[in-house]
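Just so you know, these numbers use all the heavy atoms, side chains as well, and skip hydrogens, waters and symmetry mates. Letters A, B, ... are given to chains in the order of the sequence lines, protein chains preceding strands, and every chain is numbered from 1.
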Amino acid sequence: MSDRSPLVRGMRDLYAEELASIRIVESVFRDTLESYGYELIRLPTMERTALFSRGIGESTDAVSKEMFTLDDETESLSLRPEGTASCVRAVIDANLYRGNQPKLWYVGSMFRHERPQLGRYREFFQVGAEAFGFNGPDVDTELIRIVQDVWERLDVTNEITLEINSLGNTASRLRHRDALVDYFEGCRDDLDEDSQRRLEINPLRILDSKNERTQEIVERAPNMSDYLDDESRRHFDEFQERLARLGIHATVNHRLVRGLDYYTHGVFEWNTARLGAQKQVGGGGRYDGLCELLGGAPCPAAGFAIGVDRVALLRKEIGLKTPASTPDVYVLALSDEEEEYALQVASQLRETSSFGVRVHQGGGKAKARMRAADRSGASIALIIGAQEAADNQVSIKWLRINREQVTVPVTDLPTTLLTSN
RNA sequence: GUGGAUGUAGCUCAGUGGUAGAGCCCCGGAUUGUGGUUCCGGCUGUCGAGGGUUCAAAUCCCUUCAUCCACCCCA
């Protein structure tokens, strides 16, 4: 094994069913997002480390201990741990939001240096969408509706629950934060170690601690909802009303705080009970201050990110099959003599139809050739023996349905196949 | 990053110190122009890697790598 170079930890080769199921998820997101008028943006995989530490937050785990960082000659670069910071940077760089309200979506690899597990990889795939320039909760609601549409189309609606919360605007958030710090300081010694540390750097995060003792303390902690000012409260109320009008069920979870620092107002998470500790399949919210924080003109914005791998795993978990792609037609000569003719038939069929046509290679006896046709997954075998080659014909054998084999002139092939099914 | 479990054929696994196994898969034949069923025959391994103990190691010990589970974190 020493001269082999094995797969890097947390990385995967994707093929066959696993790849097919990831592609299904991505393509449903693509179709749905485009049907809502969102435009694809392709973002770089690497950015300056500073973009993430400023945009996502120095104190977040994603930035402080999970980034793949490399030092270039003059600056520190990192593989992106998420997509929002890049997207905002791109919008600022090209000034896309001047006199405009761009709605963008992206898909691609994200990287986090964590200990891998099923559903948690060091390179994983996210689909995300971001809408810039809209203040109201109408956009927030649309984002959620888009994702709910996708769950519908992927047949996972019943497996996924939506939780929402409001972090309020900056002023509300700060007042709540102060109240939290006061409260937790009073019982500091009863908190678990992690939470004590968070008290200094990110007190909000104590709220979603899983430590039992800490949770008891959190039960009585000041609620964000009591600190929302009028603007924040109106925003959140309208958000909930709009969701209700669409018939989207969302549970308010006052302890839902997002792991990344940039969120304000409405935040949301999609969870599933099927994936153990990797239960979160997506999340998002509003981040009105981020554009300004990253050096652009102030601009309200909201977005979501979905873990494509986890949605694909969830579908597998509940028994939804996604067959790998297979050829439609398998062309085989019965012996070497007819192979030239078989090649001609195949290329003619490719030109005159949109079938995926695979030609038998590697020789073998008729039995072996037929077996290869079967194994390829093709639904139709085009069989060419000496007789067919001499008469400019082919024999059509349906491999997956009960239908009698027929022999037709090559010129009739496309029409016969199209009416076959 | 912390704790734990696991790693033997392409796959699922049995094998706890004494000649590396089973089922499935694959290949060939029965059926010399027809797959998927059946029957017969056959192939398949650096026992994750490196080191140690022993007459002898898949088995015991150490190290290491990977996967999985929980924590952590998030998607």
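Residue A:Ala277 is classed as a base contact, given a heavy-atom separation below 4.0 Å to a base.
Across the protein-nucleic acid pair, A:Arg115 atom CZ and B:G3 atom P stand 8 Å apart, rounded to whole Å. In this structure, the CZ atom of A:Phe111 is 19 Å from the P atom of B:C74, given to the nearest Å. As rounded to whole Å, 11 Å separates atom C1' of B:U37 from atom NZ of A:Lys367. Between the OH atom of A:Tyr330 and the P atom of B:G36 there is a distance of 14 Å, rounded to whole Å. With rounding to whole Å, A:Tyr121 atom OH is found 19 Å from B:C74 atom P. A:Glu114 has its CD atom 14 Å from the P atom of B:U2, to the nearest Å.
Using cut-offs of 30° and 60° for the angle between ring planes, the A:Trp270 and A:Phe304 rings count as perpendicular.
Toward the 5' end of RNA chain B, the nearer of the two residues A:Val8 and A:Leu275, judged by each one's closest nucleotide, is A:Val8. Along RNA chain B, the nucleotide nearest to A:Arg400 and the one nearest to A:Ala305 differ in position, and the one closer to the 5' end is contacted by A:Arg400.
For A:Arg375 against B:C26, a side-chain-to-base donor-acceptor contact under 3.5 Å is absent. Within 3.5 Å, a donor on the side chain of A:Arg310 pairs with an acceptor on the base of B:C74, or the reverse. Not a single donor-acceptor pair, N or O on each side, falls under 3.5 Å between the base of B:U67 and the side chain of A:Gln117. Contact of A:Arg120 with B:G1 (side chain to base): a donor-acceptor pair of N or O atoms is detected under 3.5 Å. No donor-acceptor contact under 3.5 Å links the side chain of A:Asp374 to the base of B:G36.
For A:Leu399, the side-chain atoms get nearest to B:G35 when compared with the rest of B:G33, B:G35, B:G28.
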